[in-house]
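Here the structure is laid out as structure tokens; the discussion comes afterwards.
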Amino acid sequence: QVQVVESGGGLVQPGGSLRLSCAASGNIFNINSMAWYRQAPGKERELVAIIFSSNTTNYADSAKGRFTIFRDNAKKTVYLQMNSLKPEDTAVYYCNIRDRIWATSTRDLWGQGTQVTVSS
């Protein structure tokens, strides 16, 4: 049994900041990557940021320079620090964990989603 729990969403004014967190627990074997996705109403889910086991990170163009993804391996927790928020950042944010079960087999674990609203 595995649990992936997100927190940190809320309402913030443009230019403000939020920090999202995602904590995993249970029978997780080997984490290949942790990532944050988001989905706005009427739009497809998109990748915002990802961090790999090597500590390499990638960001969506819209997030570069404003968002930072980092993790705490001991706590199996990934964070997304969001600064200089814009109204277009408004979406439900989902945590994704890719867990390698075997050498050639992985599974994706998803959080329940947390709402981020950027508005005046």
Side-chain angles (χ1 to χ4, degrees):
Q1 293 183 339
V2 176
Q3 289 187 327
V4 180
V5 181
E6 303 175 6
S7 63
L11 191 152
V12 65
Q13 293 183 341
S17 298
L18 284 174
R19 180 178 290 183
L20 307 182
S21 64
C22 173
S25 62
N27 193 17
I28 299 175
F29 295 88
N30 291 285
I31 296 175
N32 280 171
S33 65
M34 295 179 170
W36 289 95
Y37 290 74
R38 68 185 180 190
Q39 187 167 25
K43 295 185 177 181
E44 295 185 354
R45 187 173 299 187
E46 64 173 346
L47 177 66
V48 178
I50 185 168
I51 183 167
F52 297 95
S53 59
S54 63
N55 224 29
T56 298
T57 58
N58 291 118
Y59 296 90
D61 287 341
S62 61
K64 291 179 180 178
R66 300 189 299 125
F67 294 3
T68 303
I69 186 170
F70 60 101
R71 69 187 180 203
D72 184 328
N73 289 335
K75 296 181 179 180
K76 297 181 180 178
T77 301
V78 62
Y79 305 88
L80 184 67
Q81 178 67 43
M82 303 185 292
N83 299 325
S84 302
L85 283 162
K86 304 175 181 179
E88 48 264 46
D89 295 318
T90 297
V92 177
Y93 284 70
Y94 297 92
C95 173
N96 170 269
I97 298 173
R98 178 157 290 185
D99 184 32
R100 183 171 298 281
I101 304 172
W102 306 101
T104 58
S105 180
T106 61
R107 62 175 176 172
D108 285 334
L109 308 173
W110 292 91
Q112 79 284 357
T114 184
Q115 176 71 47
V116 172
T117 302
V118 185
S119 176
S120 299

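We number each residue from 1, following the sequence as shown. Since the structure is predicted, the reported quantities are computational estimates derived from the model, not experimental observations.
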Original post:
Do you know the tightest heavy-atom contact between Arg107 and Ile28?
Top reply: NH2-CA, 4.2 Å
Original post:
Taking all non-hydrogen atoms of both residues, which atom of Leu47 and which atom of Trp36 are closest, and how far apart?
Top reply: CD1-O, 3.7 Å
Tell me if a side-chain donor or acceptor on [X] pairs with a main-chain N or O of [Y] at a distance below 3.5 Å.
X	Y	value
Gln3	Gly26	no
Thr90	Val118	yes
Ser54	Phe52	no
Gln81	Thr68	no
Glu6	Gly113	yes

**OP:** Starting from the C-alpha separation in whole Å, work towards a yes-or-no answer on side-chain contact (heavy atoms from CB on, under 4.5 Å) for Ile97 and Asp108.
**Re:** CA-CA 6 Å; Ile97 298 173; Asp108 285 334; over 6 Å; no
**OP:** Find the distance between CG (Asn96) and OG (Ser33) and round it off to the nearest 0.5 Å.
**Re:** 6.0 Å
**OP:** Apply the test side-chain contact (heavy atoms from CB on, under 4.5 Å) to residues Val116 and Met82: give CA-CA distance (whole Å), side-chain angles for both, the deciding distance (0.1 Å), then the verdict.
**Re:** CA-CA 10 Å; Val116 172; Met82 303 185 292; 3.9 Å; yes
**OP:** Check step by step if side-chain contact (heavy atoms from CB on, under 4.5 Å) holds for Ser120 and Gln13.
**Re:** CA-CA 5 Å; Ser120 299; Gln13 293 183 341; 5.6 Å; no
With no hydrogens and no angle check, do the side chains of [X] and [Y] hold a donor and an acceptor under 3.5 Å apart?
X	Y	value
Asp72	Thr77	no
Ser119	Thr117	no
Asn73	Arg71	yes
Arg100	Asn32	yes

Close side-chain approach of [X] and [Y], heavy atoms under 4.5 Å:
X	Y	result
Met34	Ile50	no
Leu85	Leu18	yes
Leu20	Thr114	yes
Ser62	Arg38	yes
Tyr79	Cys22	no
Val4	Trp110	no
Val12	Ser17	no
Leu80	Phe67	yes

Original post:
Can you get from Tyr59 to Val78 by hopping between Ile, Leu, Val, Met, Phe, Trp and Tyr side chains that sit under 4.5 Å apart?
Top reply: yes
Original post:
Between Trp102 and Phe29, is the gap from one ring center to the other below 6.0 Å?
Top reply: no
**OP:** Kindly indicate whether a cation-pi arrangement holds for Arg45 with Tyr94, taking the cut-offs as under 6.0 Å to the six-membered ring centre and within 45° of the axis.
**Re:** yes
Original post:
Are Lys86 and Asp89 within salt-bridge range, i.e. N to O under 4.0 Å?
Top reply: no
Original post:
Any chance CD of Glu88 has more than 12 other-residue heavy atoms, nucleotides or ligands included, within less than 6.0 Å?
Top reply: yes
